[in-house]
Amino acid sequence: MKAHEALGHIPYARFLGVEVRDTDAGIESILPFRADIIGNPALPAIHGGVVGAFLELTALLQAMELVDNARVPKPINFSVDYLRPAGPRETRGRAEIVKHGRRVVNVRVVAWQGDEEKPVAVGVGNFLL
Amino acid sequence: MADTYALAEMFGAGRQELVDHIPHSARLGIRVVDVGPRVARLRLPFQPELIGDPVRGVVFGGAITTVMDETCGLAVFCTLPVMQAIATLDLRIDYLRAAEAGADLIAEAHCYKLTQHIAFVRGVAYERSADDPFATSLATFVVGSTPNAAPLIRTTPEDA
């Protein structure tokens, strides 16, 4: 299933307002900034949990491209490293399939704001197909 | 670890002001169950819009990440002898089983080690009993961020 279509099957993706678009480098997901995703109003900065959720969603959408039905792969685990603050602006993400096994797919994902060379967070997760 | 806690007077049940200053927390309707020395428990009320797998009716893992991150952070605040800014360094979640469809989810975190700069936290998430979790987590936090790291600093309850 294509990521665009997969988005429609995930209520939480609509909750965050996540969009996807095709680029030369593959699927790019977009997390628009909204005031209600702020975790730290003093800075302000996006909630770390939302950044993690966006990474996991980006990884999941990439994994869903591997399956030909609407069944959502089950997450086994997910790990996030927070590298920089995520400020009050648009965040983008891109995932890469590291290993496509018979039952498990390993996905690496990166999120950035503005400069892709300066990621705000990276993640890696395993999903059961 | 220190026996004095900066947040000691907040220890107990239902101190909602510990999370209500966080806009996304308020949006999710996260509730403080209780906090104590090195421990925090938060509740994420079930909401259909948080579902990640409509076939199974299961809340998206990322929403669990959010409540887990917040619970772990609060457990760190409940460990500090003096209030300082903290920032999540990394967070890992294992999804042991699907969370029950339609159920409120509870995250419980314990800060089991605090060094001068780093706090180590483990957590579980469950519907009814910590003995039957659907997810477990491990996280580390940077404590007392440097000026360069200032943008990562969380708002402490005292700042709110």
Side-chain angles (χ1 to χ4, degrees), chain A residues 6 8-18 31 34-60 64 69-88 120-128, chain B residues 19 21-28 30 44 47-73 85 87-98 135-142 145 149-156 159-160:
Chain A
H9 289 277
I10 305 173
Y12 183 80
R14 294 198 295 271
F15 172 70
L16 285 186
V18 170
L31 173 69
R34 277 193 335 229
D36 68 2
I37 63 171
I38 288 174
N40 181 336
L43 294 174
I46 297 173
H47 198 296
V50 172
V51 174
F54 174 63
L55 284 172
E56 186 174 330
L57 182 63
T58 301
L60 179 69
M64 285 180 81
N69 56 35
R71 217 158 41 90
V72 179
K74 296 177 184 176
I76 301 166
N77 49 41
F78 200 78
S79 181
V80 182
D81 285 302
Y82 295 94
L83 307 175
R84 289 186 177 81
V120 295
V122 292
V124 62
N126 290 293
F127 296 87
L128 193 62
Chain B
V19 301
H21 62 284
I22 304 169
H24 192 61
S25 186
R27 175 68 184 84
L28 290 176
I30 288 176
L44 175 66
Q47 295 149 78
E49 61 190 354
L50 301 185
I51 286 174
D53 182 342
V55 176
R56 298 188 295 158
V58 175
V59 169
F60 185 68
I64 296 164
T65 302
T66 300
V67 67
M68 195 58 100
D69 176 51
E70 206 164 301
T71 310
C72 289
T88 316
L89 187 59
D90 81 319
L91 176 71
R92 177 211 165 93
I93 296 204
D94 285 289
Y95 299 104
L96 310 182
R97 61 174 170 84
T136 57
S137 71
L138 279 176
T140 56
F141 288 78
V142 178
S145 312
L152 278 171
I153 293 174
R154 285 171 176 235
T155 305
T156 66
D159 292 335

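Naming convention: chains lettered A, B, ... in sequence-line order (proteins, then strands); numbering from 1 in each chain.
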Inset, instruction - Taking all heavy atoms of B/Gly62 and all of A/Glu56, pick out the closest pair and write down the distance. - result: N-OE1, 3.8 Å
Inset, instruction - Name the member of A/Ala13, A/Gly123, A/Gly49 that forms the most heavy-atom pairs with chain B at distances under 4.5 Å. - result: A/Gly49
Inset, instruction - Pick one of side chain, backbone, both or neither for B/Leu96, based on which atoms fall under 4.5 Å of a heavy atom in chain A. - result: neither
Inset, instruction - Can you measure from CZ (A/Arg14) to CD1 (B/Ile51) and round to the nearest 0.5 angstrom? - result: 10.0 Å
Inset, instruction - Quick one: list whatever passes side-chain contact (heavy atoms from CB on, under 4.5 Å) with A/Asp81, sequence neighbours left out. - result: A/Leu83, A/Val122, B/Asp90
Legend entry - Least distance between heavy atoms, B/Phe60 atom then A/Leu60 atom: CE1-CD2, 3.7 Å
Legend entry - From OH (B/Tyr95) to CZ (A/Phe127), nearest 0.5 Å: 8.0 Å
Inset, instruction - Please report the shortest heavy-atom distance between B/His24 and A/Ile37, naming the atom on each side. - result: ND1-CA, 3.6 Å
Legend entry - Heavy-atom pair of closest approach, residues B/Pro23 and A/Ile38: CD-O, 3.5 Å
Legend entry - chain B contact via A/Ala121 - side chain, backbone, both or neither, heavy atoms under 4.5 Å: neither
Inset, instruction - Only one of B/Leu28, B/Thr88, B/Thr65, B/Ile22 passes side chain to side chain contact (heavy atoms under 4.5 Å, CB included) with A/His47; say which it is. - result: B/Ile22
Legend entry - Portion of A/Ile76 that has a non-hydrogen atom of chain B nearer than 4.5 angstrom: backbone
Legend entry - Residue pair A/Val50 / B/Thr66: nearest heavy atoms and the distance that separates them: N-OG1, 3.6 Å
Legend entry - CD on B/Glu49 to OH on A/Tyr12, rounded to 0.5 Å: 10.0 Å
Legend entry - Heavy-atom contact with chain A under 4.5 Å, split by part of B/Arg27: side chain
